[in-house]
Amino acid sequence: IKSSQRSGFIVREKALERISFRLTQELKEKIEIRAEEEGRTLSNLIVNVLSDYIKKVEEAKKLLQK
């Protein structure tokens, strides 16, 4: 998800791509519980977790290159 700031508003790029994967029932239930506790949709929670992970990996790679 990309975002930019215009006139004090954050504009997010609309997600159009889909991905599908299998997971255990236990993991699915834990993700659903976490999403509900945070007031997010299941999809929103997963996208944010993956985005944060990718960002951290990219930052770590930049530090290692210096």
Side-chain angles (χ1 to χ4, degrees):
I1 295 178
K2 295 180 182 176
S3 64
S4 61
Q5 201 164 14
R6 295 182 194 158
S7 305
F9 295 99
I10 294 177
V11 179
R12 292 191 177 252
E13 180 181 338
K14 186 171 182 175
L16 300 174
E17 299 295 322
R18 288 180 171 258
I19 189 169
S20 172
F21 56 93
R22 295 186 182 273
L23 63 161
T24 64
Q25 181 66 33
E26 180 182 5
L27 180 57
K28 181 182 177 195
E29 289 171 359
K30 288 180 178 183
I31 295 169
E32 288 172 332
I33 290 168
R34 172 63 41 220
E36 186 175 327
E37 287 176 351
E38 294 184 16
R40 300 173 181 243
T41 64
L42 188 61
S43 178
N44 178 265
L45 177 72
I46 293 169
V47 167
N48 279 292
V49 167
L50 290 173
S51 295
D52 288 346
Y53 170 78
I54 296 298
K55 186 187 300 183
K56 287 178 183 177
V57 169
E58 289 172 347
E59 289 171 1
K61 283 183 175 183
K62 285 180 186 176
L63 289 174
L64 293 173
Q65 290 175 354
K66 291 183 179 180

E58/K55 ion pair, N-O < 4.0 Å: no
Under 4.5 Å between any side-chain heavy atoms of T41 and I46, yes or no? no
When hydrophobic residues are tied together by side-chain contacts of less than 4.5 Å, even through go-betweens, does I19 share a cluster with L16? no
Quick check for you: to the nearest 0.5 Å, what is the distance between K30 atom NZ and L23 atom CG? 12.0 Å
Please assess N44 against N48 for the test side chain to side chain donor-acceptor pair (under 3.5 Å), listing each intermediate value before the final yes or no. CA-CA 6 Å; N44 178 265; N48 279 292; 3.1 Å; yes
Tell me, which pairs form a salt bridge (Lys or Arg N to Asp or Glu O under 4.0 Å) where one or both residues lie in residues 40-50, sequence neighbours left out? E38-R40
Measuring from K28:NZ to E26:CD, what's the distance to the nearest 0.5 Å? 14.0 Å
Let me see the working for R34 and E37 under salt bridge (Lys or Arg N to Asp or Glu O under 4.0 Å), right down to the final yes or no. CA-CA 5 Å; R34 172 63 41 220; E37 287 176 351; 2.8 Å; yes
Transitively linked via ILVMFWY side-chain contacts under 4.5 Å: F21 with V47? no
Should the heavy atoms of other residues, nucleotides or ligands under 6.0 Å from CG of L27 be counted, would the total exceed 12? yes
